[in-house]
Amino acid sequence: MKQRLAVIDFETTGITPGPGCRATEIGIVLLEDGQIVDRYQSLMNAGVRVPAMIEQLTGISNAMLRSAPPVAQVMREAADFVGSTPLVAHNASFDSKFWDYELAQLGRSRPQAFACTLLLSRRLLPQAPDHKLGTLTRWAGLPATGRAHRALADAEMAANLLLHLGVTLRQRHGRGAVDHGLLCKLQKVPAAKVAQYLRELPA
DNA sequence: TGCCAGGCCCTCTTTAGGGCCTT
């Protein structure tokens with residue numbers, strides 16, 4: 001059976017989802033057995049203004065969103081694209097809040113768990129200078145994927161980081177990497193106890 | 001008007017505080 005994972009990234013108008021703070025763009029990368037096999041990306045218009053600071057950060061302007069498809073249409077397509085495929089994001093506590101909020105506007109809910117490349121990289125790459133997605137990408141020598149802080153480029157960066165974490169797991173601990181269940185368990189293990197946890201995993 | 005997150009992790013900790021990370 002093929003191991004599929006959906007790596008997602010949102011651009012938004014702020015930090016906490018709500019009536020005045022919505023998603024503006026989503027990028028999704030589908031991985032199958034360690035290869036990118038499909039992508040989804042769209043801007044979305046939720047009828048909220050993009051603050052100047054966010055426009056500067058992402059390059060996503062109010063003018064771009066005026067001509068973007070409605071948020072409900074985009075989120076329906078995104079949710080259908082992902083289906084029940086296990087999810088991954090960098091700092092998943094952020095993207096999962098927006099994923100859940102936007103799905104709730106459609107009367108839908110999320111059936112699957114999120115794995116988090118931020119939590120995993122803190123455990124498996126503690127020697128990195130920091131654990132920002134861009135820093136980890138440069139530090140690990142991973143490919144440039146486009147403009148940072150655009151959804152598909154960031155989702156591809158996170159996907160490449162996930163694959164790198166898999167290589168790290170195999171090299172250092174003799175464990176296969178992209179088993180979503182293992183990743184979800186590993187990201188909850190206290191950082192100081194990760195080595196012990198991996199040693200004690202059944203072969 | 002003024003306010004503005006929250007989970008994780010470390011340590012000069014646990015009766016707490018502050019930095020990290022996402023936009």
Side-chain angles (χ1 to χ4, degrees), chain A residues 6-29 41-65 68 71 74-75 78 82 87-105 110 113-140 142 145-162 164-165 183-198:
Chain A
V7 186
I8 76 166
D9 184 78
F10 277 107
E11 304 308 317
T12 72
T13 62
I15 296 294
T16 304
C21 181
R22 301 292 296 273
T24 57
E25 187 180 45
I26 186 168
I28 306 170
V29 171
Q41 177 189 30
S42 183
L43 292 166
M44 60 187 103
N45 184 352
V48 294
R49 278 198 67 78
V50 180
M53 186 273 286
I54 300 289
E55 179 174 341
Q56 190 166 25
L57 177 71
T58 65
I60 296 171
S61 67
N62 287 294
M64 291 164 69
L65 295 187
V71 59
V74 173
M75 287 306 302
V82 167
L87 285 160
V88 181
H90 194 70
N91 197 9
S93 70
F94 175 85
D95 291 281
S96 63
K97 280 188 303 187
F98 280 90
W99 181 256
D100 292 348
Y101 180 88
E102 296 296 354
L103 286 193
Q105 307 311 301
R110 166 168 60 92
F114 264 92
C116 176
T117 53
L118 169 62
L119 296 181
L120 290 165
S121 62
R122 281 176 176 162
R123 284 159 176 75
L124 297 172
L125 306 172
Q127 69 275 35
D130 64 51
H131 296 89
K132 295 182 177 77
L133 183 56
T135 302
L136 289 167
T137 294
R138 288 186 294 275
W139 176 78
L142 302 175
T145 57
R147 188 197 195 286
H149 296 295
R150 287 301 299 267
L152 188 59
D154 281 5
E156 289 206 40
M157 266 194 270
N160 289 329
L161 174 59
L162 178 68
H164 180 75
L165 290 168
L183 296 178
C184 287
K185 287 178 189 166
L186 182 57
Q187 70 190 12
K188 292 176 184 168
V189 174
K193 296 186 176 177
V194 163
Q196 178 187 350
Y197 174 81
L198 290 168

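The sequence lines fix the lettering, A, B, ..., with proteins before strands; numbering per chain opens at 1. Since this is a predicted model, take the numbers as computed values, not measurements.
- Within the structure, a side-chain polar atom (N or O) of A/His131 is placed less than 4.0 Å from OP1 or OP2 of B/dC21.
- The side-chain heavy atoms of A/His90 and A/Ser121, taken from C-beta on, include a pair separated by under 4.5 Å.
- Relative ring orientation between A/Phe10 and A/Phe98 is described as tilted, the plane-to-plane angle lying within the 30° to 60° band.
- Taking atom C1' on both nucleotides, B/dT23 is separated from B/dG6 by 14 Å, rounded to a whole Å.
- Considering only side-chain N and O atoms, A/His149 lies under 4.0 angstrom from the phosphate OP1 or OP2 of B/dT23.
- In this structure, CG of A/Leu118 is placed 11 Å from P of B/dC8, rounded to the nearest angstrom.
- Residue A/Phe98 is classed as having no contact, given no heavy-atom separation below 4.0 Å to the nucleic acid.
- Here, B/dT14 and B/dC10 have their C1' atoms 13 Å apart, quoted to the whole Å.
- Residue A/Asp9 is classed as a sugar-phosphate contact, given heavy-atom separations below 4.0 Å to backbone atoms only.
- Proximity of A/Asn62 to A/Arg49: side-chain heavy atoms (C-beta onward) are separated by under 4.5 Å at one or more points.
- If you measure from atom CD of A/Gln187 to atom P of B/dC21, you get 16 Å, rounded to the nearest angstrom.
- We find that CD1 of A/Ile8 is positioned 12 Å from P of B/dT23, with the value rounded to whole Å.
- The distance from atom CG of A/Leu133 to atom C1' of B/dC20 is 14 Å, rounded to the nearest whole Å.
- Residue order along DNA chain B, read from the 5' end via each residue's closest nucleotide, puts A/Ala191 first among A/Ile54 and A/Ala191.
- Closest-nucleotide positions on DNA chain B for A/Leu119 and A/Asp154 were compared, and the one nearer the 5' end corresponds to A/Leu119.
- If you measure from atom NE2 of A/His90 to atom P of B/dG7, you get 18 Å, rounded to the nearest angstrom.
- Distance, A/Arg150 CZ to B/dT23 P: 13 Å, rounded to whole Å.
- Annotation: A/Gln105, atom CD; neighbour count of heavy atoms from other residues, nucleotides and ligands within 6.0 Å is above 12.
- Remark: C1' of B/dT22 and CE of A/Met53 are 11 Å apart, rounded to the nearest angstrom.
- As a whole-Å value, the separation of A/Arg122 CZ from B/dC21 C1' is 6 Å.
- Annotation: B/dG19 and B/dC12 have their C1' atoms spaced 15 Å apart (nearest Å).
- The residue A/Thr58 sits close only to the backbone: its heavy atoms come under 4.0 Å of sugar-phosphate atoms, none of a base.
- Tested against A/His131 for a side-chain contact (heavy atoms from CB on, under 4.5 Å), the candidates A/Leu136, A/Leu161, A/Leu120 yield a single pass: A/Leu136.
- Ion pair A/Glu102/A/Arg22 flagged as a salt bridge, since at least one NZ, NE, NH1 or NH2 atom sits closer than 4.0 Å to an Asp/Glu carboxylate oxygen.
- Across all strands shown, A/Leu57 has heavy atoms under 4.0 Å from base atoms, whether or not it also approaches the sugar-phosphate.
- Listed nucleotides: B/dC21, B/dT23, B/dG6. Nearest to the side chain of A/Ser93: B/dG6.
- Spacing of C1' atoms, B/dC3 relative to B/dC20, comes out at 23 Å, to the nearest Å.
- Straight-line distance between the C1' atoms of B/dC8 and B/dT13: roughly 15 Å, to the nearest whole Å.
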